[in-house]
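Here is the structure we will look at, set down as structure tokens.
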Amino acid sequence: MSGSPDQRRRRTRRMALPAAVLLLAGGAAIVQGITPAAAAETTLRAAAAKAGLFFGVAASPGRLNSTVAQEFSQLTPENNMKPDTIATSSGGLQNTGGADTLVNHAQTNNMIVRGHTLVWHSQAGALQGASQATLNTFIGNALTRWGNRIAYWDVVNEALADNNAGTRRGEWPHSMNRDANGDGDLFDAGDTDVIRDSFIRAKQVVQANGLSTKLCINDYDVEGLTVRGGTPNRKANALYDIVSNYRQYIDCVGFQSHFNDNPNSIISDDLQANIQRFADLGVEVHITELDIDDDLSNNDIGQGQADNYRKVVRACLNVAKCTGITVWGIADSESWRSSERGLLFTGGNGSYQKKAAYHAVLDELNKGRSGTGTPTTPPVTPTVTPTPTVTPSTSPSPVPAGCSATVSLNSWTGGFVATVRVTAGSASINGWSVGVNLPGGATVTNAWNSTPSGTSGAVRFANVDHNARLGAGQTTEFGFQGTGSATGITPTCTAS
């Protein structure tokens, strides 16, 4: 997201009241102090760590005051790693001093860094109109410049169109996309897709250099399964399809979460369910650019806004693979949406006052994953880092009991990722399982969108809740990573 106001989200403002003044139903006003909630930990950073996730902030080099390291365990450069700052027209790097300052500050204070961002239609600078080859050069240079000092990189940012269209953007670099067979998607082997090709390059660089950096896709208005009025969130569904199809390259998904009163930007009751379905694909999910418009609560910056922050934090805590939350700035006055007062602090220049929203977030983090005040640490998901030289090999299976399965392999020396497509037969099915016989020496190390049984030899993968039921002819996909070779495997599908 840009450091300047995003015009598609702006609207007419009403007169705001001071922070501690709350309107009552009868129109009178009272002054109410904001009292911190009792908490086991006294900083966001410590409470989040106990709950097993990071709590981060976006900042610039001029705002690296003591609050940053005290309250936050993760740092996102607000503008200093965007292409318009650091990219040359040939894909080289320039003007990295601001980014270096941020990375050094994070390292000194034991914080992790999120690189933001490699491929974006906005703030492209000298890369505007560049070819995929030039983008690939820039991706490689940026990834290797900071290496493992950056834990997560937003490889592709804001690739989907506005207004819940459920389509790709038409602006560069997406104008390079080509649907080879005209079937309406960009997921076929002959298609060109800047999203896929950029992630392929990033994964190649990570693997070739032995990096632990995880590769993310990041977008806004993708938070809930639905938008205002109960309409399906087509933008979220489009993002889900991208992650499903390119799972072997994508390690993490960012929900920007710039909540306001736009019908597509609300905090829906199915936020947690949407986080969960992405987590079921095996990726980490992050709330990456969180701010919440004060008017969304109809209560200025008091308890209403605090309750909205609490809902978002709890939705993340309730999903084990939601591993981080980042607010897009420290204080309201320093925000790109300053008039909407969407952050956790007031004040500025390092002299900050904690809002009700801050205390609500701290309280919720202290409740931990269980919500009872006994935090637990989520399991660590193995990083998927195959060399993305894609050589699809699809083998049809027999069709016993109403389903079939095909497999595509992405192989490299010593390992592979298999993507399996399950297709219902002429009648609907309520569940499925797929069996494969792995060659000697092959072992399953990770799986997503399925429940595996066994790791070598005869291995079986059963559906999970969200992909169990398929109508006649409908398909779903799951995947698994392994060591050794899986060449020649033929899946068999059994339906129930």
Side-chain angles (χ1 to χ4, degrees), residues 1-9 56-64 68 74-106 112-132 134-147 149-160 169 171-174 176 194-195 198-199 201-202 205 213-220 252 254-258 286 288-291 326-330 334-337:
M1 189 61 66
S2 162
S4 60
D6 184 345
Q7 294 301 317
R8 66 179 172 266
R9 293 168 172 270
V57 68
S60 62
R63 293 177 179 155
L64 294 177
V68 172
Q74 181 267 325
L75 186 62
T76 300
E78 187 173 11
N79 284 295
N80 292 88
M81 282 184 180
K82 289 175 180 172
D84 66 344
T85 299
I86 66 170
T88 69
S89 59
S90 62
L93 298 182
Q94 61 181 353
N95 303 326
T96 60
D100 290 337
T101 296
L102 291 163
V103 172
N104 291 338
H105 180 87
I112 63 173
V113 179
R114 185 185 199 90
H116 182 77
T117 181
L118 296 174
V119 179
W120 190 24
H121 70 281
S122 183
Q123 291 185 251
L127 288 182
Q128 184 69 46
S131 66
Q132 185 67 55
T134 302
L135 289 177
N136 287 349
T137 299
F138 174 63
I139 289 168
N141 285 329
L143 281 167
T144 54
R145 172 69 178 82
W146 291 285
R149 300 175 77 192
I150 295 185
Y152 301 95
W153 259 109
D154 286 328
V155 177
V156 176
N157 192 54
E158 299 180 7
L160 297 167
R169 288 187 177 276
E171 305 100 319
W172 176 91
H174 304 286
M176 295 189 287
V194 68
I195 299 174
S198 298
F199 271 101
R201 175 57 181 156
V205 174
T213 305
K214 296 185 179 182
L215 306 175
C216 309
I217 188 167
N218 191 52
D219 220 315
Y220 62 89
C252 37
F255 291 0
Q256 288 187 12
S257 303
H258 294 292
H286 304 145
T288 54
E289 303 185 17
L290 179 61
D291 45 35
T326 301
V327 288
W328 203 246
I330 305 168
E334 301 168 350
S335 169
W336 68 290
R337 298 171 65 191

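- For the side chain to side chain contact (heavy atoms under 4.5 Å, CB included) with W328, the lone residue among T288, T76, L290, V57 that qualifies is T76.
- Side-chain atoms of S131 come within 3.5 Å of backbone atoms of T134 as a donor-acceptor pair (strictly under, hydrogens ignored).
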Criterion salt bridge (Lys or Arg N to Asp or Glu O under 4.0 Å) on D154 and K214, from CA distance to verdict: CA-CA 9 Å; D154 286 328; K214 296 185 179 182; over 6 Å; no
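- Using modelled atom types, no side-chain atom of T85 and backbone atom of M81 make a donor-acceptor pair closer than 3.5 Å.
- Counting only N and O atoms by type, the side chains of Q128 and D84 include no donor and acceptor under 3.5 Å apart.
- The existence of a salt bridge linking R145 and D100 is confirmed by a sub-4.0 Å separation between a basic side-chain nitrogen and an acidic carboxylate oxygen.
- Scanning all heavy atoms of the two residues, the minimum distance from L127 to P83 falls at CD1-CB, 3.9 Å.
- Of the listed residues (V103, L64, I112), just one forms a side chain to side chain contact (heavy atoms under 4.5 Å, CB included) with L75, and that residue is L64.
- Here D219 contributes atom CG and L160 contributes atom CG; the two are 5.0 Å apart, rounded to the nearest 0.5 Å.
- Distance check, rounded to the nearest 0.5 Å: CZ of R169 to CD1 of I195 gives 11.0 Å.
- Taking both residues in full, the closest heavy atoms of N80 and S60 are given as OD1-CA, 4.1 Å, listed atom of the first, atom of the second, then distance.
- Expressed to the nearest 0.5 Å, how far NE2 of H258 lies from CD of E289 amounts to 4.0 Å.
- Here the NZ-NE2 distance, from K82 to H116, works out to 4.5 Å after rounding to the nearest 0.5 Å.
- In plain terms, the two heavy atoms of R63 and E334 that are nearest each other are NH1-O, 3.1 Å.
- The distance from the CG atom of N141 to the CD1 atom of I86 is 9.5 Å, given to the nearest 0.5 Å.
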Worked verdict on W153 versus L118 for side-chain contact (heavy atoms from CB on, under 4.5 Å): CA-CA 8 Å; W153 259 109; L118 296 174; 3.5 Å; yes
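- Using modelled atom types, one finds a donor on one side chain and an acceptor on the other under 3.5 Å when comparing W120 with E158.
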Intermediate values then yes/no, side-chain contact (heavy atoms from CB on, under 4.5 Å), Y152 and H286: CA-CA 10 Å; Y152 301 95; H286 304 145; 3.4 Å; yes
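- The two residues V155 and A202 have their closest heavy-atom pair at CG2-CB, 4.1 Å.
- Side-chain contact between F138 and L93 is present, with heavy atoms from C-beta onward closer than 4.5 Å.
- For the residue pair M176 and A130, the shortest heavy atom distance occurs at SD-O, 3.7 Å.
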From CA spacing to verdict: side-chain hydrogen bond (donor to acceptor under 3.5 Å, both in side chains), Q123, T117: CA-CA 10 Å; Q123 291 185 251; T117 181; over 6 Å; no
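- When every heavy atom of Q132 is checked against every heavy atom of S198, the shortest pair comes out as NE2-OG, 3.3 Å.
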Pair V119-N157, side-chain contact (heavy atoms from CB on, under 4.5 Å): steps then yes or no: CA-CA 6 Å; V119 179; N157 192 54; over 6 Å; no
Full working for side-chain contact (heavy atoms from CB on, under 4.5 Å) between Y220 and S257: CA-CA 6 Å; Y220 62 89; S257 303; over 6 Å; no
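- For the atom pair N218 CG and F255 CZ, the distance stands at 10.0 Å (nearest 0.5 Å).
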